[in-house]
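Structure first, then comments.
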Amino acid sequence: MRVSVLSLAFLGGAAAFAPLPAPTSRVSIAGRVAPTCAVSQNASPILQPFQERRALKVISGLHNFDEKLVKSVVGAANAGGATLVDIACHPDLVKLARSLGNVPVCVSAVEPEKFVAAVRAGADMVELGNYDSFYLEGRVFSAEEVLALTVETRERFGDSLPLSVTIPHTLPLDEQVALAMELERAGADVIQTEGGMPMKPSAGGIQGLIEKAAPTLAATAAISRAVQIPVMAASGISAITAPLALAAGASGVGVGSAINKLNSDIAMLAAVRQINEAMSVESARVRSRAY
């Protein structure tokens with residue numbers, strides 16, 4: 001009998017991604033104590049897909065200000081069944097995205113002050129993260145900086161605006177977990193994992209896709225066991241690895257280059273639909289096991 005790589009991963013279930021035990025106590029980052037908040041009770045409908053573990057965020061790119069490309073990506077997200085679209089933080093792009101459909105709009109930046117104009121223009125959610133373009137410039141983000149940016153964002157916007165924060169992959173895994181716990185205390189609604197620059201897989205096909213996503217899957221497995229807020233897996237996510245992310249503990253996935261690097265609107269739409277369908281199959285499988 002032939003058994004696919006995916007089937008083997010699914011048979012392993014969560015055990016296939018079992019992380020080291022999570023820290024038993026909260027550790028402040030370099031002595032900085034984040035304001036103590038209850039686990040996010042944000043009732044925004046934007047977060048419902050995360051609560052139902054079916055969130056699909058399509059990412060156009062933090063530094064992508066090309067209106068034509070953004071229009072193509074947002075159009076594919078709307079037509080393909082995505083639950084969120086993530087665009088560069090600019091009010092004109094927010095207005096464009098909102099004019100193309102009903103999928104909620106998230107804006108990404110690493111300067112909280114930039115969110116103000118975008119939120120006024122209609123952004124539904126903000127994201128501190130999508131650091132890939134900064135890594136290319138040699139810039140890295142420390143745990144202290146990410147926590148400080150999160151605290152500043154909450155101070156500017158209060159608790160009602162949904163906030164996602166990316167954990168830098170440059171941190172060791174145990175420090176990623178510790179930072180995620182601090183961010184939860186500081187009021188983040190969603191934690192996003194990343195895998196850094198694309199790995200060079202040892203093989204092509206399904207094996208290569210899984211190898212490419214391995215870092216973010218590992219971070220997702222570890223962090224999702226340490227926090228109560230949703231975790232979104234991003235970096236290296238595809239129709240093959242999106243179900244694995246859910247099996248590892250993710251409440252949703254963020255997909256960028258697997259969609260925004262395609263060369264036609266039809267190809268982008270097909271990719272979004274394929275990922276959405278793959279996630280739906282995995283969600284149905286999990287629900288059937290629950291009963």
Side-chain angles (χ1 to χ4, degrees), residues 44-50 52 54-111 114-133 157 161-166 189-190 192 194 230 232-239 241-242 245 250-280:
S44 170
I46 308 301
L47 299 175
Q48 184 173 347
F50 290 97
E52 298 172 352
R54 59 177 183 84
L56 170 54
K57 181 175 76 169
V58 175
I59 304 168
S60 71
L62 182 146
H63 283 158
N64 175 20
F65 295 95
D66 182 336
E67 290 191 2
K68 183 178 179 180
L69 179 54
V70 171
K71 183 177 180 180
S72 294
V73 172
V74 174
N78 274 275
T83 63
L84 193 64
V85 63
D86 190 331
I87 64 176
C89 189
H90 193 285
D92 290 344
L93 292 181
V94 173
K95 293 174 183 177
L96 172 64
R98 291 184 64 86
S99 74
L100 296 172
N102 297 320
V103 173
V105 177
C106 174
V107 291
S108 289
V110 294
E111 301 94 350
K114 289 187 176 180
F115 291 138
V116 176
V119 171
R120 287 175 179 167
D124 302 289
M125 184 174 187
V126 297
E127 158 84 21
L128 286 167
N130 293 322
Y131 308 126
D132 287 1
S133 58
F157 296 98
L161 182 67
L163 169 62
S164 175
V165 184
T166 298
D189 295 300
V190 177
Q192 180 169 295
E194 63 170 16
M232 170 174 283
S235 295
I237 299 298
S238 63
T241 54
S251 295
V253 299
V255 187
S257 59
I259 296 169
N260 64 40
K261 297 300 184 183
L262 299 175
N263 58 11
S264 75
D265 292 356
I266 293 176
M268 290 184 189
L269 172 58
V272 176
R273 284 181 173 169
Q274 189 177 23
I275 295 167
N276 190 29
E277 290 169 3
M279 292 176 64
S280 297

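- With a 4.5 Å cut-off on side-chain heavy atoms, V253 and L56 count as touching.
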Would E52 and Q48 count as a side chain to side chain contact (heavy atoms under 4.5 Å, CB included) if you check the C-alpha gap in whole Å, the side-chain angles of each, and the deciding distance to 0.1 Å?
CA-CA 6 Å; E52 298 172 352; Q48 184 173 347; 2.7 Å; yes

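- Between I259 and A271, the shortest heavy-atom contact is CG1-CB, 4.1 Å.
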Side chain to side chain donor-acceptor pair (under 3.5 Å) between E127 and S108, intermediate numbers included:
CA-CA 5 Å; E127 158 84 21; S108 289; 5.2 Å; no

Hey, mind stepping through F50 and D189 against side chain to side chain contact (heavy atoms under 4.5 Å, CB included) and telling me if it holds?
CA-CA 10 Å; F50 290 97; D189 295 300; over 6 Å; no

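- Put simply, the side chain of D124 never gets that close to the backbone of I46: no donor and acceptor are under 3.5 Å apart.
- Looking only at side-chain heavy atoms (C-beta outward), Y131 and L62 stay at 4.5 Å or farther from each other.
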Take K57 and Q192 through the side chain to side chain contact (heavy atoms under 4.5 Å, CB included) test and state the conclusion after the steps.
CA-CA 11 Å; K57 181 175 76 169; Q192 180 169 295; 2.7 Å; yes

Verdict with reasoning, V119 to F157, per side chain to side chain contact (heavy atoms under 4.5 Å, CB included)
CA-CA 10 Å; V119 171; F157 296 98; 4.0 Å; yes

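- The shortest non-hydrogen separation linking I275 to A239 is CG1-N, 3.6 Å.
- Note that CD of E67 and NE2 of H90 are 8.5 Å apart. Values are rounded to the nearest 0.5 Å.
- Listed for the N64 side chain is a donor-acceptor partner under 3.5 Å among the backbone atoms of S60.
- Taking the side chain as every heavy atom from C-beta outward, V105 and I87 approach each other to under 4.5 Å.
- Between L96 and L100, the closest side-chain pair of non-hydrogen atoms falls below 4.5 Å.
- The closest donor-acceptor contact from the side chain of T241 to the backbone of G236 lies under 3.5 Å.
- Scanning both residues, I59 and G254, for their nearest heavy atoms gives CD1-C, 4.0 Å.
- When each of V85, L269, V103 is paired with N78, the side chain to side chain contact (heavy atoms under 4.5 Å, CB included) condition holds for V103 and for no other.
- R98 places a side-chain N or O within 3.5 Å of a backbone atom of G122 that can act as its donor or acceptor partner.
- Residues L47 and M125 are in side-chain contact: their nearest non-hydrogen atoms beyond the backbone lie under 4.5 Å apart.
- Atom OG of S72 is separated from atom CD1 of I266 by 11.0 Å, given to the nearest 0.5 angstrom.
- Residues L163 and L128 are in side-chain contact: their nearest non-hydrogen atoms beyond the backbone lie under 4.5 Å apart.
- Nearest heavy-atom pair across E194 and T166 is OE1-CG2, 3.8 Å.
- Listed here is the closest heavy atom pair of A55 and M279: O-CE, 3.3 Å.
- Closest approach of V272 to A82, counting heavy atoms only: CG1-N, 4.2 Å.
- Counting heavy atoms from C-beta outward, V107 and D86 have side chains that stay 4.5 Å or more apart.
- Within the 4.5 Å cutoff, side-chain heavy atoms of R54 are placed close to those of T83.
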